[in-house]
There are 2 protein chains.
Amino acid sequence: MMVRRQTEVPAGAHLRIGEVAKLTGLTTRTLRYWEELGLLNPSGRRQSGERLYAPSDMARVGRIRDLQELLGFSLAEVRVVLDTEDVDVLDRVRSEYPVVDDYRRVRLVDDAIEANDRLLARLDTTLERIQAFRDERAVKGRRLREVRRTLGDT
Amino acid sequence: MMVRRQTEVPAGAHLRIGEVAKLTGLTTRTLRYWEELGLLNPSGRRQSGERLYAPSDMARVGRIRDLQELLGFSLAEVRVVLDTEDVDVLDRVRSEYPVVDDYRRVRLVDDAIEANDRLLARLDTTLERIQAFRDERAVKGRRLREVRRTLGDT
DNA sequence: ACCAATGTTGACGTTGACGTAAGGGATCGT
DNA sequence: ACGATCCCTTACGTCAACGTCAACATTGGT
């Protein structure tokens, strides 16, 4: 019987980069590139150097795509947003090791709140603009069908 | 009294490229580049070659930006959308010179309708996705303020 | 009538976000 | 045990969307 040496790999981190690629529709190059930019650090590695991705990494991929495609953020901007997001993690840490450096934490949380509010504001204006654009197009659609009617049936 | 020689310039097309740049926040380079791609043809020129933009050109600039920034379209994709948009112009032409080549027109209008519907569908799914993302962020905001409260006032 | 500001057409440079190929190990199913 | 498959790093290539610079012509206010 063989020994299952999974040296130093966090629990649940078992997806190889190729599998992640298939699941997400990205390429392996893209995943490595994102890592290079500090956007996505696979939560595990093997002694051989092979990357191992956990479900939480997959979720992060989703958020990156959202920010990039939906909001048109550059990867640098995405990085900023995601960095403030990690305050949550720090939060959980705090509940386990209560009150260590509260002053620093307050600043972190305040920053996170501000960043989040800015993002929310941007999301709202974006939503309004797209909505307006959508309405324009809906009107245009009706106008087109109107025109089409006046042309009779081919 | 001076003669106002505005050789062959459509009425209302009097904005120079620099003025358009200031008004829109774009650069002159960008305006020329868009023209190079066939996205934005200034509706007038002077005998000297100087570009002259009409209000309708300005409106077009707005639509290009919308498609590019709000929807994340490439300029090539923007071109396609705007091309189908010009069916409207053809429509006005028709009302002046009634019924010339109706068969061709029917096809044009049908294509425009289909393209418009596709765009509408995309707009709707985009709206939904952003809305979902927004809601997530709103929740996160409330959670952050919750955490902030437990930390007391600095 | 001048000249600073603005315009024109090339043409080459830059940046972000990857694609692609090379050279060499690691893994996995049979 | 071994070949096909997957993964690693390094490095150069690519493409869209402009930026920038050069060399020269026009415009417009004083």
Side-chain angles (χ1 to χ4, degrees), chain A residues 1-9 13-42 44-53 57 61 64-82, chain B residues 1-9 13-42 44-53 57 61 64-82:
Chain A
M1 196 185 268
M2 281 267 122
V3 178
R4 277 255 154 266
R5 64 195 143 84
Q6 279 286 83
T7 357
E8 232 44 74
V9 172
H14 42 230
L15 291 107
R16 304 174 73 183
I17 197 171
E19 299 169 322
V20 175
K22 297 237 160 169
L23 290 173
T24 61
L26 300 173
T27 67
T28 62
R29 175 63 170 108
T30 297
L31 292 168
R32 293 200 193 94
Y33 179 58
W34 287 3
E35 182 178 353
E36 198 180 321
L37 297 189
L39 274 174
L40 179 73
N41 299 103
R45 287 241 182 185
R46 284 201 254 215
Q47 78 289 359
S48 66
E50 194 169 308
R51 280 159 250 256
L52 291 178
Y53 296 82
D57 297 327
V61 167
I64 296 176
R65 280 261 94 140
D66 279 351
L67 290 168
Q68 190 189 30
E69 295 188 343
L70 263 46
L71 281 305
F73 283 12
S74 72
L75 293 183
E77 292 169 320
V78 171
R79 198 181 192 289
V80 173
V81 175
L82 262 61
Chain B
M1 194 184 270
M2 281 267 119
V3 178
R4 279 252 153 268
R5 63 192 144 83
Q6 280 287 82
T7 359
E8 230 46 73
V9 172
H14 43 230
L15 291 107
R16 302 175 72 187
I17 197 171
E19 300 170 321
V20 176
K22 297 236 160 173
L23 290 174
T24 61
L26 300 173
T27 67
T28 61
R29 176 63 169 104
T30 297
L31 292 167
R32 294 201 191 91
Y33 180 58
W34 286 4
E35 182 178 351
E36 199 180 322
L37 298 188
L39 273 174
L40 179 72
N41 298 104
R45 287 242 182 182
R46 285 201 256 216
Q47 79 288 358
S48 66
E50 194 168 309
R51 278 159 253 256
L52 292 177
Y53 296 83
D57 296 328
V61 167
I64 295 175
R65 281 260 93 142
D66 279 351
L67 291 168
Q68 190 189 31
E69 297 187 341
L70 262 48
L71 282 304
F73 283 14
S74 72
L75 293 184
E77 292 169 320
V78 171
R79 197 180 194 291
V80 173
V81 175
L82 263 60

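This structure is a prediction, so every number in the text was calculated from the model and none was measured. Note: hydrogens, waters and symmetry copies are ignored here, and every other heavy atom, side chains too, is used.
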Exercise. Minimum heavy-atom separation for B:Thr27 to B:Ala21, with atom names?
Worked result: C-CB, 4.3 Å
Problem set entry | Nearest non-hydrogen partners of B:Thr28 and B:Gly18, listed with the distance | CG2-CA, 4.3 Å
Calculate the interatomic distance between [X] atom [atom1] and [N] atom [atom2]; express it in whole Å.
| X | N | atom1 | atom2 | answer |
| --- | --- | --- | --- | --- |
| B:Leu37 | D:dA16 | CG | C1' | 9 Å |
| A:Leu52 | D:dC8 | CG | C1' | 13 Å |
| A:Tyr33 | D:dG13 | OH | C1' | 14 Å |
| A:Arg45 | C:dA26 | CZ | P | 14 Å |
| B:Leu40 | D:dA17 | CG | C1' | 15 Å |
| A:Leu31 | C:dG19 | CG | C1' | 14 Å |
| B:His14 | D:dG28 | NE2 | P | 13 Å |
| B:Glu35 | D:dC18 | CD | C1' | 15 Å |

Exercise. Got a donor-acceptor contact below 3.5 angstrom from the B:Glu69 side chain to the B:Asp66 backbone?
Worked result: no
Exercise. So, does B:Thr30 use its side chain to make a donor-acceptor pair with the main chain of B:Leu26 at under 3.5 Å?
Worked result: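 Answer holds: no.
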For this session: Using a heavy-atom cut-off of under 4.0 Å over every strand shown, decide if B:Gln68 touches base, sugar-phosphate, or nothing.
Result: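 Sugar-phosphate contact only - B:Gln68 comes under 4.0 Å of backbone atoms but never of a base.
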Taking 4.0 Å as the cut-off, does a side-chain nitrogen or oxygen of [X] come that near to OP1 or OP2 on [N]?
| X | N | result |
| --- | --- | --- |
| B:Gln47 | C:dT8 | no |
| A:Ser48 | C:dG25 | no |
| B:Trp34 | D:dA17 | no |
| B:Arg46 | D:dG28 | yes |
| A:Thr27 | C:dC18 | no |

Exercise. Counting side-chain heavy atoms from C-beta on, which of C:dC28, C:dG19, C:dC18 comes nearest to A:Arg65?
Worked result: C:dC18
Answer yes or no: is there a side-chain heavy-atom contact under 4.5 Å between [X] and [Y]?
| X | Y | value |
| --- | --- | --- |
| B:Arg32 | B:Ile17 | yes |
| B:Leu75 | B:Gln68 | yes |
| A:Val61 | A:Tyr53 | no |

Problem set entry | Atom pair CG/CG of A:Leu15 and A:Asp57 - distance to nearest 0.5 Å |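 These two atoms lie 9.0 Å from each other.
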Exercise answer: donor-acceptor pairs, residues 34-42 of chain A side-chain atoms, under 3.5 Å, sequence neighbours excluded:
| from | atom 1 | to | atom 2 | distance (Å) |
| --- | --- | --- | --- | --- |
| A:Glu35 | OE1 | A:Arg51 | NH1 | 2.5 |
| A:Glu35 | OE2 | A:Arg45 | NH2 | 2.8 |
| A:Glu35 | OE2 | A:Arg51 | NH1 | 3.3 |

Atom pairs under 3.5 Å: protein N/O with N/O of nucleotides 3-7 of chain D:
| from | atom 1 | to | atom 2 | distance (Å) |
| --- | --- | --- | --- | --- |
| D:dC7 | OP1 | A:Gly18 | N | 2.8 |

For this session: Can you sort out the partners of A:Arg79 under side chain to side chain donor-acceptor pair (under 3.5 Å), two or more places apart, ordered by chain and number?
Result: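 Result, side chain to side chain donor-acceptor pair (under 3.5 Å) vs A:Arg79: A:Asp83.
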For this session: With sequence neighbours excluded, tell me which residues meet side chain to side chain donor-acceptor pair (under 3.5 Å) with A:Glu50.
Result: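 Result, side chain to side chain donor-acceptor pair (under 3.5 Å) vs A:Glu50: A:Arg16, A:Arg46.
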For this session: Strictly below 4.0 Å, heavy-atom distances to any atom of DNA chain C: list the hits from residues 70-77 of chain B, or just say none.
Result: none
Please produce a list of atom pairs where a protein N or O lies less than 3.5 Å from an N or O of nucleotides 20-23 of chain D.
| from | atom 1 | to | atom 2 | distance (Å) |
| --- | --- | --- | --- | --- |
| D:dT20 | O4 | B:Arg29 | NE | 3.2 |

